[in-house]
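Since the structure comes first, as structure tokens, the remarks are kept for the end.
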Amino acid sequence: MSQDGPQDRYAGRALAGGRYQLRDLLGEGGMASVHLAYDAVLDRQVAIKTLHTELGREQAFRERFRREAQAVAKLTHTNIVSVFDTGEDALDGTTMPYIVMEYVEGRPLGSVLDEDVRQVGAMPADKALRITADVLAALDISHEMGLVHRDIKPGNVMMTKRGVVKVMDFGIARAMQSGVTSMTQTGMVVGTPQYLSPEQALGRGVDARSDLYSVGIMLFQLVTGRLPFDADSPLAIAYAHVQEEPVAPSSINRSLPPAVDALVARALKKNPNERFPSAEAMRDECLRVANSLHAAAPSIVPGTPAQSGAGVGSAVFPPVDQSAQAPGGPVQTPYQQGPYGGTPAPAPAYGYPQQAGYQTPASVGFGQQGIATPPPYNLAPQPGGGGGRSNRPVIIGSAVVAVLAIGALIVALSLNSGGDDDAKGSDSSAGTSTSATAVEGHRDGDTSKTVETTACTEPEESYNDPSKIQIPDFQFKYIDSVKACLQAAGWKVKVKAQDENTYGQGTVMEQFPAAGTDVDPKDMPQIQLGVSTGNPS
């Protein structure tokens with residue numbers, strides 16, 4: 001890599017009172033530069049990422065960046081680039097935040113892919129799947145600690161000389177989302193448009209499943225040598241993530257089996273509820289498919305195919321049971337209609353609309369905190385959809401279903417006898433969701449999936465307003481630990497039972513407000529949880 005870049009003037013300079021001596025420029029991007037450096041205290045080589053000066057002008061950003069680096073430093077895994085230190089120093093009269101990382105002798109995954117593209121047209125499928133599985137192993141660890149990467153792409157994945165995968169830059173994208181003035185003044189875009197999930201593109205709250213979408217984009221690129229969505233502008237790319245269906249990877253690389261098409265299609269679902277439920281689940285599928293492959297060289301089709309990839313996932317994976325994804329009542333997800341993942345407006349559907357006739361947003365526009373503010377979803381049946389037939393049977397059938405549903409609700413409420421709990425710190429509400437009678441197919445939840453009480457008593461501060469806090473992430477945690485956390489903080493809680501037997505009895509499946517939502521601690525909303533009964537839906 002050329003050493004003539006503008007940041008190369010820092011080679012030979014020192015940081016942290018002379019402890020770190022900057023040497024060769026290893027890489028440079030729109031937000032930061034990375035230098036090889038020498039740690040004089042521990043006598044070792046390290047990599048130091050120095051953020052560009054415009055990002056270091058504001059104290060608010062530097063503090064958020066420091067907190068993110070502290071969180072990332074707790075991640076320890078073979079497939080994660082370790083963070084050793086962070087700080088800020090004055091160079092040429094400006095404050096420069098920096099982060100000290102493990103020095104990885106190797107090259108970015110993008111460089112490995114470029115070499116494979118030159119030689120055989122794309123990365124061999126088994127190699128791509130195993131690399132993706134290692135990336136997912138790293139994400140599984142970070143997601144367990146509540147840390148979403150937000151910027152998964154080949155440029156943030158390193159390959160050592162021995163072929164070990166290393167994921168880096170955890171937490172930096174989140175720090176970039178602080179909305180500091182310098183970012184908007186310089187026109188910076190948070191994240192990389194080609195790899196953004198639809199919820200990121202829409203500026204909504206994200207969770208671990210957003211990373212899985214980005215991994216799906218990366219896997220598509222590895223096995224085809226191309227991106228599923230690319231255009232001349234970030235706006236057009238964001239629009240494609242929200243509105244367009246990707247083609248099947250096998251329409252570009254004819255050597256790929258249907259299982260690879262299905263895996264990618266599921267990862268790239270617009271609705272997070274329809275993607276893999278966790279990094280671990282997607283990793284298992286990557287390894288299963290890799291082990292089933294017969295070695296075959298990529299067979300790339302010239303040009304851009306017109307074949308759509310819509311429906312490929314449902315042809316191999318069973319349809320998602322919506323009742324298992326969405327508890328009844330007021331429990332909601334961060335993907336309902338509402339700006340930036342905040343308190344959503346009332347909506348008749350749960351999550352991204354699933355009904356026939358659902359229309360995606362008509363336009364996408366850039367905003368400070370995201371890339372879009374969509375118009376309301378249209379959930380009404382579309383004209384002409386019934387071919388001119390009378391809809392009277394549908395109306396009558398809907399009325400019957402509604403009557404039965406209301407009757408069932410009345411029975412459930414009478415059985416609960418006040419099971420929903422509006423009192424602070426009370427345990428009674430949880431009993432309605434964890435004491436269901438076991439039936440065939442019942443599964444117990446994992447009691448080891450816990451949340452610390454400090455997540456509620458010492459919650460994260462809002463990135464946008466220091467007077468507010470962020471709602472902790474309770475999803476997929478066992479209800480007992482969640483109850484203890486909520487009780488310790490004295491927060492109100494309401495629990496609803498949800499039949500599902502994938503995660504098991506007592507597992508929190510949904511929460512509202514969503515994790516990461518900014519709230520005023522002086523006016524805390526009621527925490528609403530959907531908790532698994534462990535019974536089949």
Side-chain angles (χ1 to χ4, degrees), residues 51 54-72 74 86 88 95 97 145-148 150 171-186 188 190-191 199-200 202-207 210 330 332-346 367-371 373 422-425 451-475 482 484-494 511-529:
L51 296 184
E54 59 266 23
L55 295 173
R57 290 186 181 134
E58 297 192 24
Q59 177 63 33
F61 170 77
R62 298 199 302 270
E63 175 60 23
R64 288 163 182 140
F65 179 75
R66 181 188 64 80
R67 289 205 308 268
E68 287 300 320
Q70 288 177 338
V72 177
K74 298 176 183 177
T86 185
E88 53 188 59
T95 301
M145 297 186 64
L147 189 63
V148 180
R150 289 175 169 82
I172 289 183
R174 174 167 171 157
M176 293 295 170
Q177 289 179 333
S178 58
V180 292
T181 305
S182 61
M183 288 171 55
T184 55
Q185 285 178 343
T186 56
M188 287 188 173
V190 175
E199 55 267 34
Q200 281 180 294
L202 291 170
R204 295 179 174 179
V206 302
D207 60 18
S210 176
Q332 305 168 61
T333 71
Y335 308 108
Q336 275 187 292
Q337 177 183 331
Y340 307 113
T343 302
Q368 284 189 3
Q369 297 298 321
I371 304 186
T373 304
D422 293 338
K424 291 186 177 181
V451 60
E452 297 294 332
T453 56
T454 53
C456 300
T457 58
E458 301 174 18
E460 289 287 334
E461 177 185 297
S462 166
Y463 278 80
N464 304 312
D465 184 350
S467 67
K468 294 185 177 181
I469 61 173
Q470 295 182 357
I471 294 291
D473 188 358
F474 302 124
Q475 197 171 25
V482 175
C485 182
L486 295 169
Q487 290 167 8
W491 293 349
K492 295 180 181 179
V493 58
K494 186 173 185 177
Q511 72 174 81
F512 177 79
T517 299
D518 290 349
V519 297
D520 185 348
K522 297 178 181 178
D523 187 22
M524 277 294 299
Q526 183 185 62
I527 307 298
Q528 302 177 34
L529 304 174

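Every value quoted in this text rests on a predicted model; they were computed, and no experiment measured them.
- To the nearest 0.5 Å, atoms CD (E460) and CD1 (I471) are separated by 12.5 Å.
- Separation of atoms NZ (K522) and NZ (K468) is listed at 12.0 Å; rounding is to 0.5 Å.
- Note that CD of Q526 is 10.0 Å distant from CZ of F512, once rounded to the nearest 0.5 Å.
- To the nearest 0.5 Å, the span separating CD on Q528 from NZ on K492 amounts to 11.5 Å.
- Among all heavy-atom pairs drawn from E461 and Q470, the shortest one is O-NE2, 3.7 Å.
- Residue-environment remark: CD (Q70) exceeds the threshold of 12 foreign heavy atoms within 6.0 Å.
- Counting heavy atoms from C-beta on, the side chains of P472 and W491 come closer than 4.5 Å.
- In this structure, Q200 and S210 approach most closely via the heavy-atom pair OE1-OG, 3.3 Å.
- Within the model, atoms CG of L147 and NZ of K74 stand 10.5 Å from one another, a figure rounded to the nearest 0.5 Å.
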Side chain to side chain contact (heavy atoms under 4.5 Å, CB included) evaluation trace for K494 with L529: CA-CA 6 Å; K494 186 173 185 177; L529 304 174; over 6 Å; no
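- Scanning both residues, D473 and V451, for their nearest heavy atoms gives O-CG2, 4.4 Å.
- Distance CG/D520 to CD1/I469: 8.5 Å, rounded to 0.5 Å.
- Judged purely by atom type and a 3.5 angstrom limit, R204 has no side-chain atom pairing as donor or acceptor with the backbone of L202.
- Among all heavy-atom pairs drawn from Q475 and Q511, the shortest one is N-OE1, 3.4 Å.
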